[in-house]
Every structure is written in C-alpha cells, then in structure tokens.
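FYI, side chains are in, hydrogens and waters are out, and symmetry mates aren't considered; it's all heavy atoms of this structure.
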Amino acid sequence: MKKQIILFTLLFIILSGCENQVGGDYFFDHIDQLEQSLEEPKWDEIMTQAEELKNIFNNHKWKIQLIGDEDEYEGLHESTNNLIAAAKEKDSTSTRLELATVRSFLEDIYSL
C-alpha cells in the first residue's frame, strides 16, 4: 500500500510539471508589449523595445542553446535582427511578420 501511495505521489509531481511551457515568459511578455505598441506605432518606442528583445535574447542565449537546436536559435537571432531592421524602416507589415516569426521560434524552442 505504501509503495502505491509513493508511486502515485511521484507520478503526480512529474506530470504536474508538464502542464505549461518550459519557460520564456520574459520573451513572450516582451513580444506582447511590442504587439501592443504596433497598434498605434511610435517608432522610437518600438525600436527601443526591439533592441531590448535582442538584449534579452543575448542574455538568455545559453539557455536557448541548451533547450533548442541550432537552427531554432540561429533563426531566432536572425529574426530578431530583421525585426530591428524593419522597425528602423518604420515598416509596420514587416515588423509584424518578423515579430510573428520570433514568437514562432520561441514557441518551438520552449515547447515540450
């Protein structure tokens, strides 16, 4: 009886950890802010937020390299740079496209 209780408890603990994404909330929160900024574009603010997203990527790159494959984190790096370039050009469509690409890469990296 004790073995069954211990087994059930361990199984419950392990499965409760599989409920949500592994992490990356700092990325997803920042992307949400960028999407809101694009509703009424203030390009200086969007540029600053895009640069901050790149800094977050650089600060957490080692974590991304551990949980993602090379194509994913290299693609994320490229898309982040494309996002900054699109924001410099004040191109709303390209900025939204690159933001969606960044989100897609992050969802792939942080999914189980």
Checklist outcome for this item: Interatomic distance, CD@E72 vs CZ@F105, rounded to 0.5 Å, equals 8.0 Å
Checklist outcome for this item: Shortest non-hydrogen pair, L38 vs R96, comes out as O-NH2, 3.0 Å
Going by atom type alone, with no hydrogens or angles, which donor-acceptor pairs under 3.5 Å involve a side-chain atom of residues 39-50 and a protein atom two or more places apart or on another chain?
| residue | atom | partner | partner atom | Å |
| --- | --- | --- | --- | --- |
| E45 | OE2 | S37 | OG | 3.3 |
| T48 | OG1 | D44 | O | 2.9 |
| Q49 | OE1 | S37 | OG | 3.0 |
| Q49 | NE2 | S37 | OG | 3.3 |

Checklist outcome for this item: d(S104 OG, I109 CD1) to nearest 0.5 Å is 9.5 Å
Next on the checklist: Would you call the rings of Y26 and H60 parallel, tilted or perpendicular, taking 30° and 60° as the class edges?
Outcome noted: parallel
Checklist entry - For E35, which residues count as a salt bridge (charged side-chain N to carboxylate O under 4.0 Å, His left out) partner, sequence neighbours excluded? => result R103
Item to check | Listed partners of F57 passing ring-ring contact (aromatic ring centres under 6.0 Å, His included), at least two apart | outcome: H77
Checklist entry - In Å, rounded to the nearest 0.5 Å, how long is the span from CG of L34 to CD of E98? => result 12.5 Å
Checklist entry - Considering all heavy atoms of both residues, which atom of T80 and which atom of L53 are nearest to each other, and what is their separation? => result CG2-C, 4.5 Å
Next on the checklist: Test your reading of the model: is there a side-chain donor-acceptor pair from S79 to the backbone of L76, 3.5 Å cut-off?
Outcome noted: no
Next on the checklist: How about NZ on K61, more than 12 heavy atoms from neighbouring residues, nucleotides or ligands closer than 6.0 Å, or not?
Outcome noted: yes
Checklist entry - Would you say the side chain of V102 lies within less than 4.5 Å of the side chain of F27, judging by non-hydrogen atoms? => result no
Checklist entry - About how many Å separate CD of Q36 and CD1 of I31, when rounded to the nearest 0.5 Å? => result 12.5 Å
Checklist outcome for this item: Residues K54 and I84: closest non-hydrogen pair is CD-CD1, 3.6 Å
Checklist entry - Roughly how far apart are D29 CG and I56 CD1, rounded to 0.5 Å? => result 9.0 Å
Checklist entry - Hey, what do you get for CG (L99) to NE2 (H30), rounding to the nearest 0.5 Å? => result 9.5 Å
Checklist entry - In terms of heavy-atom contacts, does CD of E89 have more than 12 from other residues, nucleotides or ligands at under 6.0 Å? => result no
